[in-house]
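Presented below is the structure to which this report refers.
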Amino acid sequence: MSKELSQQISYGDKFKDFLRNYRDSTGIFKYVERIHRMMNMDMSSLNIDYPDLYRYNTTLAEALVDNPDDILIQFGDALKDLVSSEDPSYAEKKGKFHIRVYGLFDTIKIREIRTSHAGKLIQVEGIITRMHPIRSKMIKATFRHEKEGCNAEFYWPSEENEYIEDKIEKPTICPVCGEAGGKFTLIKGKSLYIDWQELTVQEKPEDVPGGQMPRSTPVQLIDDLVDIARPGDRVTIVGVVKLQQTGVTSLSPLFEIYIEANSVKVSEKVLEEISITREDEEKILELSKDPWIREKIISSIGTTIYGHWDLKEAIALQLFGGIPKQAADGTRIRGDIHLLFVGDPGVAKSQLLQSAARVAPRAVFTSGKGSTAAGLTATVVKDSRTGEYYLEAGALVLADGGLAIIDEFDKMRPEDRVSIHEAMEQQTISISKAGIVARLNARASVLAAGNPKWGMYDINKPFPDNVTLPPTILSRFDLIFVVRDEMNKERDQRLARHILDVHSDYDKFTPEIDPQLLKKYVIYAKRYVKPKLTEEAKDLIESFFVTLRGSALSAGNQEGGQTPVPITARQLEAIVRLAEAHAKVSLKNEITEEDAEEAIRLTISFLTSVGLDIESNTIDIGIITTGSSYHSRRIMSLVVDTLKRLTEDKPCAKLDDLVDEIVNTQKIQKDKVIEAIQKVHKEGLIIETRNNCFKPA
Ligand code: ADP
Ligand code: ZN
Ligand code: MG
């Protein structure tokens, strides 16, 4: 006992020695300074960089990892002693001091944590997927000894540095009067509590071996660690591995591993965990000088996929992204590019998405239905076992700082349809439900694919009739491509030959640029390349914008009345993002005419593939932004006007009369008129008073 005790005491003394005497490479007493800073900031936690301790006293550092529970308490007490020697009242006021350890040498994979780690200090990296509400944990109980002649109230456990661990144990002997008889009553209001919170930390998507489900571990936070991280945050956690019983009875042999956190470090910078060496940098700069760099990057995406050049180019631009802008007043314009592919089944949409996942430095792949309860955004979930609510992050939150790849986007759940608007534009997700209030970051680019409403894309119907997504969501995509399975003998032959080649000679389809190098290239561009618009590029984009809006205006004037919805500021911003990304691909610091031209070419390709008004052959973005083309809206307004006229002298007009009137006077096809009547009725512009009899609203 005495030998053990003397050793324990010396851990504290050795730690004091380290705090007092450790100097960094510039000769500064690093921890003496940190202690003063801690006191100035009125805090009670001191951060220790593990390598410093290891260098100063290797035995002590190794003992810490081996037996952290005991040693951390001794370290905390040692710190309290040091503080007390300078300012006894400060030490008294704070009570308990914490040592927070950062930077262990080894990081253990979450899937490799075992019961053999129990009681040891380990370090894990991951992404927070769940957050439980903050609760209070009793660390010292106050009991009253209900016995005549005593009635004393006292803290329990009564030893100064002992705290409640797993359960509150009643005293058997009164520490004040020393007797056992009578009753001990817990006084909740006079007991001591600290904040307590549970999180779930999951392996980072890029750490999950191919085809496997990500593993996760519960992490408990106490005191000042509570609330410092949110779902979606990438964290490095140092903590002690613990076991807790999961069964209903206290004799249950089932245990669950969790980590009691000692320190939590939240990654600040996007993609900081991938380092680029000097060698990498040389290769990257060399590559960027290649006049064919863009083509090489584009053809490195989906090497086994035939054709689809524009889609691959769009994916390439999305990987690099535009540049987010933050105004002085805090408003933010996203730099992330959102892409949507809508098309017939079997045209390699899913394949393209998978190939994007392989080259993106950070990607989360999911289906519109969502692979977890949290779906695409975030949800408050009720735990079936405990009945407690917790917040769970969905794909867009987990993809923060990267790419959210969503197949079967049209099968999105109704809750996600609501919150995805905010997620795609403001890039945050706000949640307030069951007492959980949070705003999560969702700074991800969305790469989505969906199937047409009727199985196959019907070119005789306008774009919105072909998809089940509302215009409010569609208008948030920078580029949308319709991919059709067109039958064309020559193309079919080449496609067949290509697919057969892929199957017989797979090796031939190795990408031009190695995916690992491409990832680093993308990270380099995102980190260091911030191209600015040149005057020429500005002129070009401006004149494109003005011309398109002008043509919409003159189309409106010709027909009188309503104007087609021209392209809007949203598309203008999209063009700028695409041009920025295009310049970043070759690591240019300027956005030149060439970049603007390509951004415009892709935008026209998108507009003609979806926005082309089939009846009038004019580009009308209204199809995306309001869900109906200028022409169909013109018929809708005709319906309302005609109905007003017909109901001047009667309460309502018969459907047939209304249809006939418009068909006869305006020479518009009957089915278009009926379609327009259904739309204005759905929008509440006209009301059905009785069976098939309508009046204006
Ligand atoms: P979608 O998601 O569009 O329904 P998939 O990506 O599942 O289609 O593709 C179906 C299959 O057809 C895949 O095995 C894919 O490789 C093949 N395929 C379709 N189009 C092409 C193409 N252009 N080049 C190569 N393979 C193709
Ligand atoms: Zn007593
Ligand atoms: Mg598919």
Side-chain angles (χ1 to χ4, degrees), residues 141-158 170-187 190 298-315 339-359 365-371 405-412 446-457 466-469 480-511 609:
T142 292
F143 279 100
R144 188 187 303 123
H145 188 201
E146 315 258 9
K147 189 169 185 262
E148 253 193 55
C150 179
N151 280 324
E153 287 176 8
F154 54 89
Y155 278 139
W156 190 260
S158 51
K170 276 197 175 190
T172 46
I173 293 173
C174 174
V176 182
C177 69
E179 286 182 32
K183 224 173 86 187
F184 293 96
T185 321
L186 176 67
I187 309 170
K190 287 186 179 172
I298 297 167
S299 63
S300 298
I301 297 169
T303 42
T304 61
I305 298 166
Y306 171 79
H308 294 325
W309 185 262
D310 281 359
L311 279 67
K312 290 181 186 176
E313 175 167 2
I315 292 174
L339 294 182
L340 173 65
F341 303 154
V342 177
D344 295 335
V347 293
K349 298 186 301 294
S350 300
Q351 284 274 332
L352 273 169
L353 263 48
Q354 275 169 21
S355 56
R358 274 192 291 275
V359 289
F365 198 111
T366 187
S367 131
K369 281 170 275 184
S371 38
I405 304 177
I406 309 165
D407 207 351
E408 317 271 328
F409 188 67
D410 47 316
K411 309 229 165 41
M412 192 184 346
V446 174
L447 172 58
N451 290 312
K453 201 195 276 184
W454 314 110
M456 291 292 272
Y457 196 91
N466 269 293
V467 289
T468 47
L469 297 163
I480 302 176
F481 291 99
V482 172
V483 199
R484 291 195 301 119
D485 190 9
E486 280 170 290
M487 287 200 240
N488 166 320
K489 191 161 176 230
E490 204 189 324
R491 187 183 170 276
D492 286 349
Q493 220 155 34
R494 273 185 283 143
L495 173 63
R497 172 56 55 186
H498 181 94
I499 292 178
L500 293 170
D501 283 350
V502 170
H503 282 265
S504 56
D505 197 1
Y506 201 82
D507 296 344
K508 214 173 80 193
F509 294 89
T510 48
S609 105

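None of these values were measured; they are calculated from a predicted model. Any value given below was found using the heavy atoms of this structure, including those in side chains, with hydrogens, waters and symmetry copies removed. We count ligands from 1, going down the list as the structure has it; atoms in each ligand are counted the same way.
The aromatic rings of F154 and F184 sit perpendicular to each other, their planes meeting at more than 60°, with 30° as the lower class boundary.
Looking from atom 22 (C) of ligand 1 to the surrounding protein, the closest heavy atom is L495 CD1, 3.4 Å. Looking only at heavy atoms of the protein, atom 17 (C) of ligand 1 is closest to I499 CD1, 4.3 Å. Ranking protein heavy atoms by distance to atom 23 (N) of ligand 1, first place goes to Y306 O, 2.9 Å.
Listed for the K312 side chain is a donor-acceptor partner under 3.5 Å among the backbone atoms of I305. At least one donor-acceptor pair closer than 3.5 Å links the side chain of K349 to the backbone N or O of D344.
In terms of N/O distances under 3.5 Å, ligand 1 is not approached by P345. Looking at Q351 next to ligand 1, an N or O pair under 3.5 Å apart turns up. Considering backbone and side-chain N/O atoms, A348 comes within less than 3.5 Å of an N/O atom of ligand 1.
Because the distance cut-off is set at 2.8 Å, N451 fails to qualify as a neighbour of the Mg ion (ligand 3), as none of its N, O or S atoms comes that close.
Of the candidates S350, G346, G450, S355, the one placing a heavy atom closest to atom 2 (O) of ligand 1 is S350.
Rounded to 10°, the angle that ND1 of H145 and SG of C177 form at the Zn ion (ligand 2) is 100°.
In this structure, the separation between CG on N451 and OG on S350 is 7.5 Å, given to the nearest 0.5 Å. Between the CG atom in L469 and the NZ atom in K453 there is a gap of 10.0 Å [rounded to 0.5 Å].
A side chain to side chain contact (heavy atoms under 4.5 Å, CB included) with F341 holds for exactly one of V482, L311, V347; it is L311. Among K170, H145, E146, E153, the one residue that satisfies the side-chain hydrogen bond (donor to acceptor under 3.5 Å, both in side chains) test with T185 is E146.
Within the 4.5 Å cutoff, no side-chain heavy atoms of F143 are placed close to those of V176.
Per-atom contact check: atom 11 (C) of ligand 1 does not touch the protein, criterion being a heavy-atom distance below 4.0 Å.
Near T304, the atoms of ligand 1 lying under 4.0 angstrom from a non-hydrogen atom of the residue are 25 (C).
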